[in-house]
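Remarks on the structure that follows.
Position 1 is the first residue of the sequence, and the numbers go up from there. As a basis for the values below, the full set of heavy atoms in this structure was taken, side chains included, without hydrogen atoms, waters or symmetry mates.
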Amino acid sequence: MIVNITLPNNTSYDITINRLNEIYYDTKVVIVTNPTVSSFHLEYLKEKITAKEISVVTVPDGEQYKNMQTIDMILDHCFENRLDRKSLLVAFGGGVIGDMTGFAASIYQRGISFVQVPTTLLSQVDASVGGKTGINNKYGKNLIGAFHQPKEVLIDPFFLTTLPKREFGAGVAEIIKMAVTFNKDFFKWLEENDLTKEENIKIAIQKSVETKANVVIQDEKENGIRAALNYGHTFGHVIENETQYKTYLHGEAVGIGMVMANELAVKLGHISQEEALRVKNLLEKYNIPTSYKIEDVEEFYEHFFLDKKSLDNKIKFILPKKIGNCLITDEINKDDVIEVLKVFN
C-alpha cells in the first residue's frame, strides 16, 4: 500500500505501508533511535539497509528528553561521523524520535534529507506524515522547530507487535481524532471494529494516513485546514505541560483534550451530548484516559496563550461540528471556556 504526498513546491514523497523491503542508500546513513526500540528492532532494520556507511546514535527515551540537549547529541554524532549535505538521517522510533530527527536534519548544514521509520501506532498514523519537526522547552510543546518533509515514510506494522497497550491506546486516540474531524463513516467503522485485530489496524493505519496526506497536500504550513488535526491538542498540550510530560503519553493527553473540546462544543451547540458520549466511549474502549483534575482554572486558561496556534492574544480552538466535521475558531468567549474548565476542576 503506497500513499503519495505531492506539495505545491514540487516536494513529493511516498508513504509505504508494508513489511520493510531491502533499502539501498548511496550515502552515509545515521539511524537515530532510543534504547527501547533499539533493543527490540534495531538489528531487523540494519539487516534491511545497505549504505556507504551506517552508524547509530541512541538518545534517551521519553518526551522529557525532547529538547536542545538531545538535538546537540544527534548533531555531534553527525559531525563526528563527517556527514555531508548528501547524507541521510533515519528516524527509527515514535513521534519524539521522528520530531527530533527531522529537526536535526532541517538544521544540519542548513538541511539534509531524513527518512521516517515509525515504530509506534501514533507515529505511524500521524506524527511521521506531514513534515512537522521540533522540540519542547519550558514554555511549551513543539515551540521550536521547522517544517521539513521526509524523503519517504516506511510504515511496517510488524513493529506494533512489541508495542505496550498504553502506547497502542495513545495511537488509537489520534486515529479517533481524524475520524471525528474528517470522516463520520470511518468513525462508525471504528465503533464497529476491534483495532487489536491485525487486519483491522492495517485498515485504520491506511485510512488515517490517507486522511492526513490529503490535509497536508491542501495546507502544508498549517495556515488553514491542517489546524483541524490539532483537535484535542489545545487542551492536551496544557495537560502535558502541567504534568511535565511525565504522567501521560501524548495520545493520552490528546484523548483527554478531545473530551474537553467536546464539552465546549456541546455548550456552544456544535455537537450533541450523545455524540460527545460516543467519542468518550470509543476512547475508553481502548483504555485512553478521559478525565483530568484541573487544580487552577485561571492558570490552565493562561497556558493556552503559550500554544503556537494562538495569534494576537486569541486562542485557536478546534471543535467538532457533529461527527465528521469541525470548526476552527478563535472567537470563543473566555467565560464559556472557563465554565467548561470548571467541569474538570
Side-chain angles (χ1 to χ4, degrees), residues 16-23 25 28-51 53-67 69-78 80-81 83 87-105 114-128 133 135-136 150 152-174 195-196 198 201-202 205 240 244-252 286-287:
T16 305
I17 306 165
N18 204 354
R19 288 297 290 264
L20 284 180
N21 293 317
E22 297 291 322
I23 317 159
Y25 297 120
K28 286 184 177 180
V29 169
V30 170
I31 299 168
V32 183
T33 189
N34 64 41
T36 308
V37 175
S38 174
S39 64
F40 283 121
H41 300 300
L42 183 58
E43 291 311 310
Y44 172 81
L45 178 66
K46 285 169 77 176
E47 283 170 9
K48 302 290 183 183
I49 296 178
T50 303
E53 193 177 292
I54 300 173
S55 62
V56 179
V57 56
T58 306
V59 302
D61 189 6
E63 186 84 33
Q64 66 269 38
Y65 298 107
K66 189 176 162 183
N67 54 34
Q69 288 95 312
T70 308
I71 293 295
D72 282 338
M73 276 182 66
I74 298 168
L75 295 176
D76 284 350
H77 183 93
C78 293
E80 286 159 10
N81 286 271
L83 267 64
S87 299
L88 180 80
L89 299 188
V90 174
F92 188 48
V96 171
I97 290 289
D99 281 3
M100 289 196 295
T101 305
F103 182 50
F114 81 110
V115 170
Q116 289 272 21
V117 185
T119 59
T120 65
L121 181 58
L122 187 147
S123 58
Q124 290 188 353
V125 300
D126 188 39
S128 65
T133 75
I135 55 171
N136 308 330
E152 61 181 335
V153 181
L154 304 171
I155 297 173
D156 186 342
F158 167 71
F159 296 128
L160 301 180
T161 57
T162 55
L163 201 62
K165 278 187 179 177
R166 273 187 70 193
E167 290 275 6
F168 187 84
V172 172
E174 295 280 5
L195 294 185
T196 61
E198 188 180 347
I201 197 60
K202 282 183 180 175
I205 291 170
E240 286 182 291
Q244 300 180 306
Y245 308 101
K246 292 175 181 173
T247 307
Y248 301 102
L249 298 170
H250 174 63
E252 292 176 332
Y286 295 96
N287 299 309

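Contact annotation: the side chain of His250 approaches that of Glu240 to within less than 4.5 Å [non-hydrogen atoms, C-beta and beyond]. Using a 4.5 Å cut-off on side-chain heavy atoms (C-beta onward), Ile31 and Lys46 make contact. Between Leu160 and Ile205, the closest side-chain pair of non-hydrogen atoms falls below 4.5 Å. Side-chain contact between Val30 and Ser87 is absent, with no heavy-atom pair separated by less than 4.5 Å. Val32 has its side chain out of reach of Phe114: every pair of non-hydrogen atoms, C-beta onward, lies at least 4.5 Å apart. A heavy-atom distance below 4.5 Å is not found between the side chains of Val117 and Asp156. Within the 4.5 Å cutoff, the side chain of Pro150 has no heavy atoms near those of the Val115 side chain.
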Verdict with reasoning, Val37 to Ile97, per side-chain contact (heavy atoms from CB on, under 4.5 Å): CA-CA 10 Å; Val37 175; Ile97 290 289; over 6 Å; no

Go through the steps to decide whether Thr101 and Val90 satisfy the test side-chain contact (heavy atoms from CB on, under 4.5 Å), and finish with yes or no. CA-CA 7 Å; Thr101 305; Val90 174; over 6 Å; no

Set out, in order, the CA-CA distance, both residues' side-chain angles and the distance that settles side-chain contact (heavy atoms from CB on, under 4.5 Å) for Glu167 and Leu121, then state yes or no. CA-CA 7 Å; Glu167 290 275 6; Leu121 181 58; over 6 Å; no

Is there a side-chain contact (heavy atoms from CB on, under 4.5 Å) between Ile23 and Leu154 once you walk through the steps? CA-CA 10 Å; Ile23 317 159; Leu154 304 171; 3.7 Å; yes

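Contact record, Gly98 with Ala91: CA-CB, 3.8 Å, taken as the closest heavy-atom pair. The nearest pair of heavy atoms linking Gln124 to Pro118 is NE2-O, 3.1 Å. Residues Phe168 and Leu195 share a closest heavy-atom pair of CZ-O, 3.3 Å. Residue Ile17 comes nearest to Pro157 through the heavy atom pair CG2-CG, 4.4 Å, listed as atom of the first residue, atom of the second, then distance. The minimum heavy-atom distance between Ala127 and Gln116, with the atom names listed, is O-NE2, 4.2 Å. When all heavy atoms of Val29 and Ala51 are compared, the closest pair comes out as CG2-CB, 3.7 Å.
Applying the salt bridge (charged side-chain N to carboxylate O under 4.0 Å, His left out) rule to Glu80 yields no partners; only residues at least two apart in sequence or on another chain are considered. Considering only residues two or more places apart in sequence or on other chains, Glu152 meets the side-chain hydrogen bond (donor to acceptor under 3.5 Å, both in side chains) condition with Tyr25. Partners of Asn287 by side-chain hydrogen bond (donor to acceptor under 3.5 Å, both in side chains), not counting sequence neighbours: none found. For the side-chain hydrogen bond (donor to acceptor under 3.5 Å, both in side chains) test, no residue two or more places apart in sequence or in another chain qualifies with Thr119. Annotation: side-chain contact (heavy atoms from CB on, under 4.5 Å) contacts of Asn67 (sequence neighbours excluded): Gln69, Thr70. Under the salt bridge (charged side-chain N to carboxylate O under 4.0 Å, His left out) criterion, Asp61 pairs with no residue at all, not counting sequence neighbours. Shown here are the side-chain contact (heavy atoms from CB on, under 4.5 Å) partners of Thr247, two or more places apart in sequence or in another chain: Thr243. In this structure, the ring pair (Phe, Tyr, Trp, His ring centres under 6.0 Å) partners of Phe159, at least two apart in sequence or on a different chain, are His41, Tyr44, Phe92. With sequence neighbours excluded, the residues that form a side-chain contact (heavy atoms from CB on, under 4.5 Å) with Ala104 are Ile71, Ile74, Leu75, Leu89. Legend: residues meeting side-chain contact (heavy atoms from CB on, under 4.5 Å) with Glu53, ordered by chain and number and at least two apart, are Lys28, Asn81. Residues passing the side-chain hydrogen bond (donor to acceptor under 3.5 Å, both in side chains) test with Glu252, sequence neighbours excluded: Arg166.
The CZ atom of Phe158 sits 10.5 Å away from the CZ atom of Phe40 when rounded to the nearest 0.5 Å. One finds the CG atom of Leu42 at 7.0 Å from the OG1 atom of Thr58 (value rounded to the nearest 0.5 Å). Distance check: Leu83 CG to His77 NE2 gives 7.5 Å after rounding to the nearest 0.5 Å.
No donor-acceptor distance shorter than 3.5 angstrom exists from the side chain of Ser123 to the backbone of Ser128, with no hydrogens or angles considered.
Screening residues 90-100 for salt bridge (Lys or Arg N to Asp or Glu O under 4.0 Å), with sequence neighbours left out, gives Lys66-Asp99.
The local environment of CD in Glu22 is crowded, with over 12 non-hydrogen atoms from other residues, nucleotides or ligands closer than 6.0 Å. For Lys48, the NZ atom is densely surrounded, since the number of other residues' heavy atoms within 6.0 Å is greater than 12.
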